[in-house]
Amino acid sequence: MLIQNPLFYKNVVPVDARLHENLRIGRPERPLGFAREANVIPALVDEFELAMADLPIAFLPGPELPAAVFVTGAAPGTNAYVSDDGLWSGAYIPAYLRRYPFIIGDTAGGSSVLCFDDTYPGFGAVEGERFFSEDGARAAPLEQALALAQTYRDAAVRTEAFCGLLRDFGLLQTATLDTTAPDGSKSVVHGIMIINEAALAALTAEQVHKLHQAGFLKAIYSQIASLRSVSKLSPAAPKKARSSSKKTS
């Protein structure tokens, strides 16, 4: 397989009807426990408008392109949105978390195949829903996983194009996010980038038109608006956990 293990994925293997004919997927005791210490989660440009009221959106510098992320903790090793019992406490669950433990991988021949992290604690041969029906066809959970993984991959391509235009047009600036907890303690998120509003205002008509044609202007303003959610990163903020199985997009 031509795939490197991304965030949270430990051992990615392709789904195989013969090898996994008896495999089942269920709900582990702590559904999102794997994300408990992640203070950034990959974000898709398609999610910006849906998530902006609940999650701060930023970018991380990369060797070629910046990467869009949701900021979920005020410091490395913290996540203000995942409760101690491994449930999501926010209003919007990032697609990256909803896709896990599945992912699309590429074979050496260039074709795509549905893969999964076989270390996910929800897998087993006794409890949960089957991967495959008795006649070997993909069962509903696997079909749903495939659809979400394919949708995610398509949106990731658009997100890369979006980040490429932000870079090309000089629209990003380094920044820090300051948070103050109810007890007065302060935390600072370092190493991120956000939209530079002065650079945005200075764009040429041609550049604005290009962003508009690509459907990215709304995402830019959504990222700016999302920074109002920084206060939710406080580790002392109240958490009301809810089920991670709810889909919000």
Side-chain angles (χ1 to χ4, degrees), residues 1-38 40-44 46-47 50-51 67 69-70 72 79 81-90 92-160 241-249:
M1 299 298 299
L2 298 179
I3 185 169
Q4 295 181 341
N5 290 341
L7 180 65
F8 305 137
Y9 294 80
K10 297 178 181 178
N11 190 52
V12 176
V13 299
V15 173
D16 186 291
R18 180 178 58 84
L19 294 176
H20 305 126
E21 61 178 342
N22 296 317
L23 193 61
R24 297 172 180 265
I25 182 169
R27 180 183 175 86
E29 183 177 353
R30 300 174 69 245
L32 294 178
F34 61 88
R36 186 71 183 86
E37 298 181 353
V40 293
I41 303 290
L44 299 172
D46 297 22
E47 300 181 276
L50 294 169
V69 295
F70 295 119
T72 53
N79 190 323
Y81 294 83
V82 177
S83 63
D84 292 338
D85 53 0
L87 298 178
W88 189 258
S89 62
Y92 181 82
I93 305 173
Y96 192 92
L97 299 182
R98 288 185 275 116
R99 178 189 63 167
Y100 183 82
F102 295 96
I103 192 171
I104 297 292
D106 296 322
T107 66
S111 60
S112 299
V113 62
L114 181 65
C115 302
F116 65 100
D117 180 0
D118 67 1
T119 69
Y120 180 65
F123 293 133
V126 179
E127 298 182 356
E129 298 181 88
R130 292 176 60 101
F131 267 26
F132 296 95
S133 62
E134 294 293 344
D135 61 3
R138 285 194 297 259
L142 208 55
E143 289 286 4
Q144 294 165 4
L146 177 61
L148 179 55
Q150 288 177 328
T151 298
Y152 189 97
R153 190 177 204 186
D154 292 343
V157 172
R158 290 192 293 274
T159 303
E160 288 185 0
R242 66 190 188 90
S243 170
S244 63
S245 62
K246 183 177 180 181
K247 296 183 180 180
T248 50
S249 72

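All residue numbers refer to positions in the sequence shown, counting from 1.
Residues passing the salt bridge (charged side-chain N to carboxylate O under 4.0 Å, His left out) test with Arg153, sequence neighbours excluded: Asp106. A search for ring-ring contact (aromatic ring centres under 6.0 Å, His included) contacts involving Phe132 returns nothing, not counting sequence neighbours. Under the side chain to side chain donor-acceptor pair (under 3.5 Å) criterion, Tyr9 pairs with Arg99, sequence neighbours left out. Partners of Ala140 according to the side-chain contact (heavy atoms from CB on, under 4.5 Å) rule, which considers only residues two or more places apart in sequence or in another chain, are Gln144. Shown here are the salt bridge (charged side-chain N to carboxylate O under 4.0 Å, His left out) partners of Glu21, two or more places apart in sequence or in another chain: there are none. Arg24 is linked by a salt bridge (charged side-chain N to carboxylate O under 4.0 Å, His left out) to nothing, counting only residues two or more places apart in sequence or in another chain. Every residue two or more places apart in sequence or in another chain that forms a salt bridge (charged side-chain N to carboxylate O under 4.0 Å, His left out) with Arg130 is listed here: Glu134. Asn11 is linked by a side-chain contact (heavy atoms from CB on, under 4.5 Å) to Val13, Asp117, Asp118, Thr119, counting only residues two or more places apart in sequence or in another chain. Judged as a ring-ring contact (aromatic ring centres under 6.0 Å, His included), and not counting sequence neighbours, the contacts of Phe102 are Phe131. For Thr151, there are no side chain to side chain donor-acceptor pair (under 3.5 Å) partners two or more places apart in sequence or in a different chain. With sequence neighbours excluded, no residue forms a side-chain contact (heavy atoms from CB on, under 4.5 Å) with Glu37. Scanning for side-chain contact (heavy atoms from CB on, under 4.5 Å) contacts around Asp46 gives Ala155, Arg158, with sequence neighbours left out.
Of all the heavy atoms in Trp88 and Tyr92, the pair that sits closest is NE1-O, 2.9 Å. Nearest heavy-atom pair, Pro42 versus Tyr152, reported as atom, atom and distance to 0.1 Å: CB-OH, 3.9 Å. Closest approach of Ala35 to Asn79, counting heavy atoms only: O-ND2, 3.0 Å. Between Leu44 and Ala95, the shortest heavy-atom distance links the atoms CD1-CB, 4.1 Å. Closest approach of Pro101 and Phe123 over heavy atoms only: CG-CZ, 3.5 Å. Minimum heavy-atom separation, Thr159 to Ala43: CG2-O, 3.8 Å.
The closest side-chain heavy-atom distance from Leu87 to Val82 is not below 4.5 Å. The side-chain heavy atoms of Phe8 and Tyr96, taken from C-beta on, include a pair separated by under 4.5 Å. Side-chain contact between Arg36 and Asp84 is present, with at least one heavy-atom pair separated by less than 4.5 Å. Counting only heavy atoms from C-beta outward, the side chains of Tyr100 and Pro6 never approach each other to under 4.5 Å. Under the 4.5 Å side-chain criterion, counting only non-hydrogen atoms from C-beta, Ile25 is in contact with Tyr120. Contact of the Pro28 side chain with the Phe34 side chain is not registered, since no non-hydrogen atoms from C-beta on lie closer than 4.5 Å.
Residue-environment remark: CD (Glu127) stays at or below the threshold of 12 foreign heavy atoms within 6.0 Å.
Expressed to the nearest 0.5 Å, how far CG of Leu50 lies from CD1 of Ile93 amounts to 12.5 Å. Interatomic distance, Leu97 CG to Tyr81 OH, rounded to the nearest 0.5 Å: 12.5 Å. Summarising the geometry, atom CD1 belonging to Ile103 is positioned 11.0 Å from atom CG belonging to Leu148; distances are rounded to the nearest 0.5 Å.
Ring orientation note: the planes of Phe116 and His20 are nearly perpendicular, at an angle over 60° on the 30°/60° scale.
Looking only at distances, no side-chain donor or acceptor of Ser112 sits under 3.5 Å from a matching main-chain atom of Ile104.
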message: Val69 vs Ile41, test: side chain to side chain contact (heavy atoms under 4.5 Å, CB included). Steps then yes/no.
response: CA-CA 5 Å; Val69 295; Ile41 303 290; over 6 Å; no
